[in-house]
Amino acid sequence: MTADNPVIRALRADDQSQMGRAAGGMGASATDRLRDLDQRALTIRAWTPLLVPGVLQTAAYAEAAIRSRTPSLPPEEVARRVEHKVERSSRFLSRWSGAGDGHAWLLVGEAGLMQAITTLDAHAAQMARLISIIDRCPRISLCVLPDDASTAGTVEPFSVHALEDGQRVGHLETAVGGWYTTRPEDLARLYSHVAHLGRWALGRDETRRVIKEWLTGCYLTSSGAARGSSSPATQTPTIAYSSPDREPGQ
């Protein structure tokens with residue numbers, strides 16, 4: 001049996017406290033648990049290298065993201081997961097768009113913005129939504145990290161929620177589901193990753209400019225040829241790097 005294999009058994013750390021596999025795998029219940037974390041957080045720091053952050057996704061983009069990750073899902077399960085992701089997004093924006101304490105810093109890789117995973121129209125709608133969020137949600141800082149900035153060692157998406165009661169929890173997304181940690185050393189490492197990435201990320205205004213340029217340039221100039229197609233859009237030109245405005249979290 002696997003449990004008796006000494007090589008596999010040696011991979012397991014002796015101390016498994018304050019960390020573990022998150023309940024719900026990649027399904028709707030896992031999304032609901034993250035939604036509850038969002039509602040109890042004073043600050044959120046998150047990194048998503050290859051996709052638009054889940055809490056900011058449109059329904060069409062969320063569906064495409066789910067299908068690309070798990071193509072074998074039946075349509076009814078895809079619809080269920082989309083419904084729960086849309087609910088999480090709605091509550092997140094309601095919680096963080098108005099006046100109040102706290103802030104959410106959402107770092108996204110250039111590929112997460114520029115690489116279309118759905119049709120051109122759906123991707124454009126997603127980009128337009130991001131501009132709207134930047135304009136009307138001052139407590140949400142969306143900052144893009146250009147491809148020419150190093151992301152070595154930080155390829156997996158993760159978030160850190162600082163809760164109202166003083167607790168902090170890190171959440172990491174993997175190919176087999178989510179993992180959480182409340183270990184101080186793990187949290188310190190995640191905060192350090194956010195600080196490192198933030199040094200090279202574009203600020204809110206520069207990120208908005210990049211998204212706007214995509215909409216007015218790549219989308220509008222190619223719309224005549226591409227709007228009639230239902231196939232995913234081709235990847236757009238890369239972002240020309242410029243100095244960051246500030247470090248997220250400051």
Side-chain angles (χ1 to χ4, degrees), residues 17-49 51-58 61-62 65 81 83-109 112 129-130 132-145 154 156-174 177-198 201 203-204 207 246-250:
S17 63
Q18 298 180 284
M19 61 174 291
R21 188 168 186 171
M26 295 182 288
S29 62
T31 298
D32 293 345
R33 290 179 174 89
L34 292 174
R35 177 202 65 202
D36 293 341
L37 273 180
D38 298 337
Q39 297 303 302
R40 290 166 173 78
L42 285 178
T43 63
I44 299 174
R45 290 168 173 84
W47 161 242
T48 51
L51 292 171
V52 169
V55 290
L56 306 183
Q57 292 175 4
T58 64
Y61 188 98
R81 294 189 184 191
E83 179 182 357
H84 284 250
K85 291 193 74 171
V86 168
E87 173 66 15
R88 182 193 177 194
S89 176
S90 176
R91 293 199 186 188
F92 178 88
L93 293 175
S94 177
R95 164 74 171 80
W96 292 94
S97 62
D101 296 329
H103 203 98
W105 291 272
L106 308 178
L107 300 176
V108 58
R129 188 187 200 205
L130 295 182
S132 175
I133 291 169
I134 291 172
D135 289 344
R136 64 186 177 87
C137 301
R139 293 196 297 127
I140 300 174
S141 290
L142 177 67
C143 302
V144 63
L145 189 76
T154 51
E156 70 274 6
F158 67 84
S159 63
V160 186
H161 289 65
L163 305 182
E164 296 168 341
D165 62 1
Q167 291 286 310
R168 286 171 169 78
V169 57
H171 183 270
L172 294 86
E173 297 181 21
T174 76
W179 292 76
Y180 77 92
T181 180
T182 59
R183 290 170 174 258
E185 60 269 32
D186 292 342
L187 295 170
R189 183 185 294 268
L190 293 177
Y191 276 120
S192 177
H193 280 324
V194 171
H196 169 74
L197 296 169
R204 284 169 52 97
T207 296
R246 62 168 176 77
E247 178 181 350
Q250 292 188 339

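Since the model is a prediction, treat every value here as computed from it, not as a measurement.
Using a 4.5 Å heavy-atom threshold, the side chains of H193 and W47 count as separate. Side chains of V55 and W96 form no contact here, defined as non-hydrogen atoms less than 4.5 Å apart. Residues L56 and L106 meet the side-chain proximity criterion, which asks for heavy atoms closer than 4.5 Å. Here the side chains of R204 and T207 are not in contact, with every heavy-atom distance at 4.5 Å or above. Contact check for I140 versus F92: side-chain heavy atoms found under the 4.5 Å cut-off. Under the 4.5 Å side-chain criterion, counting only non-hydrogen atoms from C-beta, L107 is not in contact with L145. When side chains are defined from C-beta on, R88 does not count as touching D32, because their heavy atoms never get closer than 4.5 Å.
Using a 4.0 Å cut-off between charged side-chain N and carboxylate O, R91 and E87 make a salt bridge. Salt-bridge formation is not detected for the pair R189/D186: no Lys NZ or Arg NE/NH1/NH2 atom is positioned less than 4.0 Å from an Asp or Glu carboxylate oxygen.
In this structure, OG1 in T182 is found 12.5 Å from CZ in R168, a value given to the nearest 0.5 Å. Residue C143 holds its SG atom at 11.5 Å from CG of L197, rounded to the nearest 0.5 Å. To the nearest 0.5 Å, atom CD1 of residue I44 and atom OG of residue S141 are 12.0 Å apart. A distance of 4.5 Å separates NE2 in H171 from CG in L34, rounded to the nearest 0.5 Å. Atoms NE2 and OG, from H84 and S29 in turn, are 8.5 Å apart once rounded to the nearest 0.5 Å. Going from atom CE of M19 over to atom OH of Y180 covers 8.5 Å, rounded to the nearest 0.5 Å.
R129 and Y61 share no side-chain donor-acceptor pair at under 3.5 Å.
Under the 3.5 Å distance criterion, the side-chain polar atoms of Q57 are matched with a main-chain donor or acceptor of V52.
Closest approach of R45 and T43 over heavy atoms only: NH1-OG1, 3.4 Å. Heavy-atom minimum distance, H161 versus D38: NE2-OD1, 2.9 Å. In terms of heavy atoms, L187 sits closest to V169 at CD2-C, 3.9 Å. Of all heavy-atom pairs between R95 and D101, the closest is NH1-O, 4.2 Å. Closest of all the heavy-atom pairs between A30 and G25 is CB-O, 3.4 Å. Minimum heavy-atom separation, A162 to Y191: CB-OH, 4.1 Å.
In terms of the salt bridge (charged side-chain N to carboxylate O under 4.0 Å, His left out) criterion, E164 has no residue partners (sequence neighbours excluded).
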